[in-house]
There are 2 protein chains.
Amino acid sequence: MPPGKPKLQQRAAGETGRFMPSANNLNILNIQSDISGNTRDRLLAAARKVFSEHGFQGATVREICRHAEVNLAAVNYHFSGKEALFVAALSFEPLNALRNSVAHESGAKVRLQRFIEGFLTQLMNENGTPQCQLMMRELIEPTLALDNIVQEVIAPLHEFVSQLVRDVVGAKVTPGELRRCVFSIFGQCLFYRHSHAVIRRLHPNLHYDKKEISATAHHITEFTLAGLRQIAENP
Amino acid sequence: MPPGKPKLQQRAAGETGRFMPSANNLNILNIQSDISGNTRDRLLAAARKVFSEHGFQGATVREICRHAEVNLAAVNYHFSGKEALFVAALSFEPLNALRNSVAHESGAKVRLQRFIEGFLTQLMNENGTPQCQLMMRELIEPTLALDNIVQEVIAPLHEFVSQLVRDVVGAKVTPGELRRCVFSIFGQCLFYRHSHAVIRRLHPNLHYDKKEISATAHHITEFTLAGLRQIAENP
DNA sequence: TTGCGATTCAAACAAGCGTTTGATACACTT
DNA sequence: AAGTGTATCAAACGCTTGTTTGAATCGCAA
């Protein structure tokens with residue numbers, strides 16, 4: 001039993017578990033399990049996957065634990081519960097890294113192109129980080145840490161794109177028009193994630209591999225730049 | 001008890017319930033309840049409201065029945081269960097009506113403008129039909145009748161917008177570019193619904209009344225037309 | 001009035017949920 | 001070798017869910 005109130009563990013980074021549980025001791029048979037890391041890390045990885053697929057309400061801790069091959073009680077031992085696990089599974093690094101990597105490109109149009117392509121890649125990359133997809137899922141099902149997410153990631157991201165738009169259309173654009181331009185950019189990108197179930201049914205043979213993502217990013221960039229020029233010319 | 005297997009009632013349209021239940025007999029005190037119609041219709045109305053707010057998984061039949069002021073068992077009596085109630089609550093008429101009303105406008109740009117404004121209105125209108133919002137909710141949480149919805153509404157809608165795009169950019173556009181243009185249009189519109197929780201947090205003082213919806217529709221139209229012209233000129 | 005089918009009711013049911021429990025197994029210190 | 005704290009385990013708890021049940025109530029017809 002955990003001593004006192006063991007919730008919200010104070011663990012040093014990289015600390016390893018003490019033993020392998022009997023359900024996981026495939027290694028005594030020299031069988032390599034494809035599960036890596038300790039229980040806590042496996043839980044985080046499984047949580048990102050399951051939460052991003054089914055949403056917070058749709059995901060069950062039993063499925064997460066089954067996927068992580070850990071005991072059911074591990075969620076409440078290593079975290080405080082399902083909700084804390086969700087918050088811990090969130091990660092703002094990929095999107096912040098994208099913002100930073102694009103920021104010191106030269107030329108407004110290049111920065112816009114790079115941002116859209118990077119953003120689309122994070123949204124669509126199936127084998128990539130589900131952390132971004134997990135966050136996008138939260139945007140639609142606003143129950144938990146949305147206030148925090150907006151403050152930490154979304155607002156800086158919108159401000160960043162706002163600056164990109166200003167660099168293209170000039171600083172004399174009205175706040176309302178600026179906001180709508182930013183929304184048009186995000187809307188075009190997010191559509192591919194939010195509506196991907198519909199897209200799959202409309203075009204069953206269409207797969208968003210690296211090439212298709214690149215073509216899509218090129219389209220959105222050209223489409224957007226033309227729209228922005230239109231706004232700039234007719235204020 | 002219902003005779004045999006009473007599910008999937010065969011009811012004539014407009015048939016009324018036989019008596020007012022004791023929980024609802026406010027009329028003996030001459031108190032006018034704001035609930036109108038029979039049990040089945042009240043259930044449908046409440047289901048549209050609750051489902052569109054919380055999604056299929058998030059909504060509970062208890063909340064729906066409480067909202068409809070109806071006994072809990074009514075869902076399984078008048079329908080076969082929660083899932084059948086959801087399917088029955090879906091309504092394709094508003095979007096099909098929009099398509100038809102726009103179809104016989106003259107001029108491609110006018111049709112596009114009218115469609116975007118009408119679509120945005122159905123998406124955002126808070127006091128309006130929650131049927132469209134209920135359907136849009138289903139697009140993100142693809143569990144139930146999505147195949148049917150895509151076939152009945154989404155596919156015709158995309159085909160309709162595809163024709164609008166062809167009318168603007170010409171028929172020689174490639175299928176891939178055509179598809180991406182349609183996605184850009186829908187993406188810009190749907191953003192305001194899918195991300196409205198984020199928008200509310202980013203701009204707390206911004207409310208999408210009739211005037212703001214109109215301005216937004218105007219922006220999307222101009223933005224899109226410029227993008228389409230760009231596509232048409234650089235094939 | 002009596003009987004009957006349709007409808008509504010309160011109550012309970014079975015299943016699934018997140019969470020808790022107490023025992024057990026391990027690594028490490030003394 | 002014994003003790004201590006950490007981690008995992010199977011099992012159960014309390015609660016909510018969708019659904020079912022059998023009785024009660026209504027309009028209506030004989």
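Order of the sequence lines fixes the chain letters, A, B, ..., with proteins taken first and strands second; residue numbering starts at 1 for each chain.
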Looking only at heavy atoms, the pair that brings A/Pro156 and A/Arg99 closest together is CB-NH1, 3.3 Å

Check every strand shown and say whether A/Ala74 touches a base, only sugar-phosphate, or nothing at a heavy-atom separation below 4.0 Å.
-> nothing

Where the side chain of B/Asn76 is defined as all heavy atoms beyond and including C-beta, which of D/dT20, C/dT8, C/dG18 is the nearest nucleotide?
-> D/dT20

In whole angstroms, how far is the P atom of D/dA7 from the CG atom of A/Asn38?
-> 9 Å

For the side chain of B/Ala73, counting heavy atoms from C-beta on, which of D/dT21, D/dT8, D/dT17 is nearest?
-> D/dT21

Against the side chain of B/Asn71, the closest entry in D/dT8, C/dA10, C/dT19 is C/dA10

Centre of A/Phe56's six-membered ring, under 6.0 Å away, within 45 degrees of the axis: is that where NZ or CZ of A/Lys82 sits?
-> yes

Side chain of B/Leu72 (C-beta onward), nearest among C/dC17, D/dT8, C/dA11 = C/dA11

Please determine which of A/Asn38, A/Ile64, A/Val75, A/Leu43 meets the side-chain contact (heavy atoms from CB on, under 4.5 Å) test together with A/Val70.
-> A/Leu43

Please name the pair of heavy atoms, one in B/Arg180 and one in A/His219, separated by the smallest distance, quoted to 0.1 Å.
-> O-NE2, 3.1 Å

What's the NZ-P distance between B/Lys82 and C/dG16, to the nearest Å?
-> 15 Å

Per atom distances to the A/Arg62 side chain, the nearest of C/dC17, C/dT8, D/dT20 is C/dC17

